[in-house]
Each structure stands twice: as structure tokens, then as C-alpha cells.
Amino acid sequence: MKRIWVLLLIIIAAFSVYWFVFSSRGTKDSGPRQQPLTLKKHSSEFNESITSAMNAYFEMKDAFVAADTVKVKGACQKLLSLVDSIKLDELKKDTAVIYLDAVSKLEDIKANAHSILLQTDITEMRHDFNWVSDALYPFFKLINYEGPNLYLQSCPMAFGEGKEADWISNTVEVINPYLGSNTPEQKGDMLHCGVIKDTIKTK
């Protein structure tokens, strides 16, 4: 009987040690918590580099409206050059997370812009333009954009019924780059098809 009590005490002691070790691990301080990301004001050079790149993007958007693939590729080449000129190093004064995320977003933009240059079919080019736009939108949210208002616009049937696509515009008026003025199937009837999903503005 005495052996049973001794064995029971050993089991209880072992369980107590186990509970103390593992519960203390769970409450152990894992270091300082990450502070919320904060952004400082940008320099005029940074803002100008963003504006220049977006002007090339808007030029490409307008070329899609007109279904002019030559102008699309010319504006796309210009966009690629200007994206490389964006003063991203300035974001290092904020946090490494913001800088690295911005670099990743721009790489996505460039990859899809390069694909536009390789395409011969305007529908495929428009698909890539949609991907460029999808990467631009979170990029603006990330960097704390400081320019004039921009508008994320969307067409619910850009590539057919239920197949939506987005783009960024510098005007409130919806002028659809996917179903533009020279789209044979629509004859310009869908030029203004779309809605504003969000406004990108200085905080």
C-alpha cells in the first residue's frame, strides 16, 4: 500500500513539474510587439516620380480605350522605365516591412507590364493590364499616396458576363479600357460601363 502512495506522489510531482515548465513557456515574454507601421511625408522627388509613372499608365489606359495596340506598347515601355525611376529608397526611412512590400508590388507591376509587350492579341494585353492595375492599387495604399485623387474603377463584364476587371483613373468619369470606343462587339456602347470602387487620396 505504501508503494502505491509513493508511486502516486511521484506521478503528481512529475505532472506538477511538466505543467510549470510548459505553462511558463506560454507566458514567457517573446520580445517587444511590432509597432504599427507609420509613414513620414514624402519628398517632392518621390511624389514626382510616382506622378510620372502614373501618367504613362494613364496613357496606356487611354490607348486601350482606343484599342490602339501600338500606343499601348509605347506607353507600357514608358511605364516600365519610369517605375524603375521611383525613389523607393526613401521608404526605408519608415520601416523595412513597407520598403520590401513596395519593392514586391513594383516587381508584380513590372512582370505584368513586360507581358503586355510580349502579347499580340489585345484581349490578352487587357488581361495583363488588369493585373498591372491590381498590383498598383495596394501599392498606393501602402506608400501613403500624396498626389491628386485617383479612382479605382471596375467593369463587371470586362471579359464577358461575370468576369470583372479593374483599372485606376485620374477622373471620376468612367471610360472603360476593356470595352472601349473601338471594341467591335460593343461599337462603343459600353464605353462608360463601370463603377467607382474606391478613391485613392492623400491621408
Side-chain angles (χ1 to χ4, degrees), residues 48-88 100-143 145 147-200:
E48 286 167 9
S49 67
I50 295 292
T51 298
S52 296
M54 285 310 296
N55 285 340
Y57 171 88
F58 297 135
E59 185 180 328
M60 181 165 58
K61 175 182 69 68
D62 292 343
F64 272 120
V65 171
D68 189 329
T69 58
V70 173
K71 287 186 177 179
V72 164
K73 291 193 175 186
C76 185
Q77 191 67 63
K78 190 185 300 183
L79 173 66
L80 281 166
S81 175
L82 291 168
V83 162
D84 281 333
S85 300
I86 292 176
K87 311 296 184 183
L88 274 190
L100 293 174
D101 202 2
V103 169
S104 175
K105 295 286 189 299
L106 286 189
E107 289 303 316
D108 286 344
I109 292 166
K110 289 162 60 177
N112 289 292
H114 275 297
S115 185
I116 290 174
L117 297 178
L118 298 176
Q119 302 293 349
T120 56
D121 179 76
I122 191 167
T123 300
E124 293 303 318
M125 294 166 75
R126 281 173 165 149
H127 276 289
D128 288 324
F129 178 71
N130 180 38
W131 293 119
V132 169
S133 303
D134 283 349
L136 269 173
Y137 174 66
F139 174 76
F140 279 118
K141 292 293 187 180
L142 179 71
I143 65 169
Y145 173 68
N149 285 0
L150 301 177
Y151 306 93
L152 178 68
Q153 299 179 341
S154 181
C155 173
M157 49 183 295
F159 299 112
E161 195 66 39
K163 298 178 181 178
E164 69 173 336
D166 298 340
W167 71 95
I168 294 172
S169 175
N170 54 350
T171 66
V172 175
E173 183 184 13
V174 172
I175 303 178
N176 194 317
Y178 302 103
L179 301 173
S181 57
N182 288 333
T183 304
E185 299 85 356
Q186 307 296 340
K187 299 182 175 61
D189 293 340
M190 304 297 287
L191 178 61
H192 300 291
C193 174
V195 296
I196 296 175
K197 292 173 71 174
D198 193 15
T199 301
I200 304 166

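Just so it is clear, the structure is predicted and the values come from calculations on it, not from any experiment. Nothing fancy with the numbering, it's 1 onward along the sequence.
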Taking side-chain contact (heavy atoms from CB on, under 4.5 Å) as the test, write out the residues that go with [X], two or more places apart.
{"X": "Ser85", "answer": "none"}
{"X": "Ala75", "answer": "Glu59, Met60"}
{"X": "Val70", "answer": "Asp68"}
{"X": "Asn112", "answer": "Asp128, Trp131, Val132"}

Say whether, by atom type as modelled, one donor and one acceptor occur between the side chain of [X] and the main chain of [Y] under 3.5 angstrom.
{"X": "Asn176", "Y": "Cys193", "result": "yes"}
{"X": "Gln153", "Y": "Thr171", "result": "yes"}
{"X": "Tyr178", "Y": "Asp166", "result": "yes"}
{"X": "Lys73", "Y": "Leu117", "result": "yes"}

Exercise for the section: Report yes if the side chains of Ile175 and Leu191 come closer than 4.5 Å at any heavy-atom pair, otherwise no. Expected result: yes
When rounded to the nearest 0.5 angstrom, what is the spacing between [atom1] in [X] and [atom2] in [Y]?
{"X": "Leu88", "Y": "Leu100", "atom1": "CG", "atom2": "CG", "value": "10.5 Å"}
{"X": "Lys197", "Y": "Ile168", "atom1": "NZ", "atom2": "CD1", "value": "11.0 Å"}
{"X": "Leu79", "Y": "Ser52", "atom1": "CG", "atom2": "OG", "value": "11.0 Å"}
{"X": "His127", "Y": "Asp121", "atom1": "NE2", "atom2": "CG", "value": "8.5 Å"}
{"X": "Leu152", "Y": "Lys141", "atom1": "CG", "atom2": "NZ", "value": "8.5 Å"}
{"X": "Asp62", "Y": "Ser169", "atom1": "CG", "atom2": "OG", "value": "8.5 Å"}

Considering all heavy atoms, the nearest [X]-[Y] contact:
{"X": "Cys155", "Y": "Trp167", "result": "N-CZ3, 3.5 Å"}
{"X": "Ile122", "Y": "Ala67", "result": "CD1-CA, 3.6 Å"}
{"X": "Leu179", "Y": "Ala158", "result": "CD2-O, 3.9 Å"}
{"X": "Arg126", "Y": "Pro177", "result": "NE-O, 2.8 Å"}
{"X": "Ala102", "Y": "Leu142", "result": "N-CD2, 3.3 Å"}

Between Met54 and Tyr145, is a side chain to side chain contact (heavy atoms under 4.5 Å, CB included) present by the stated rule, with each step listed? CA-CA 12 Å; Met54 285 310 296; Tyr145 173 68; 5.8 Å; no
### Query
Does the distance from a Lys or Arg side-chain N to an Asp or Glu carboxylate O, for Asp84 and Lys110, drop under 4.0 Å?
yes
Exactly one candidate in Ile143, Leu82, Asn55 meets side-chain contact (heavy atoms from CB on, under 4.5 Å) with Ile50; the answer is Ile143
From the list Leu136, Asp101, Val83, side-chain contact (heavy atoms from CB on, under 4.5 Å) with Leu106 holds only for Val83
Sorted by chain and residue number, the side chain to side chain donor-acceptor pair (under 3.5 Å) partners of Asn170 (sequence neighbours excluded) come out as none
Should the ring pair Phe129 and Tyr57 be called parallel, tilted or perpendicular, given that the plane angle runs from 0 to 90° and is split at 30 and 60?
parallel
- request: Would you check, one step at a time, whether the test side chain to side chain contact (heavy atoms under 4.5 Å, CB included) holds for Glu173 with His192?
  value: CA-CA 8 Å; Glu173 183 184 13; His192 300 291; 3.3 Å; yes
Ring pair (Phe, Tyr, Trp, His ring centres under 6.0 Å) filter on Phe139, not counting sequence neighbours, yields none
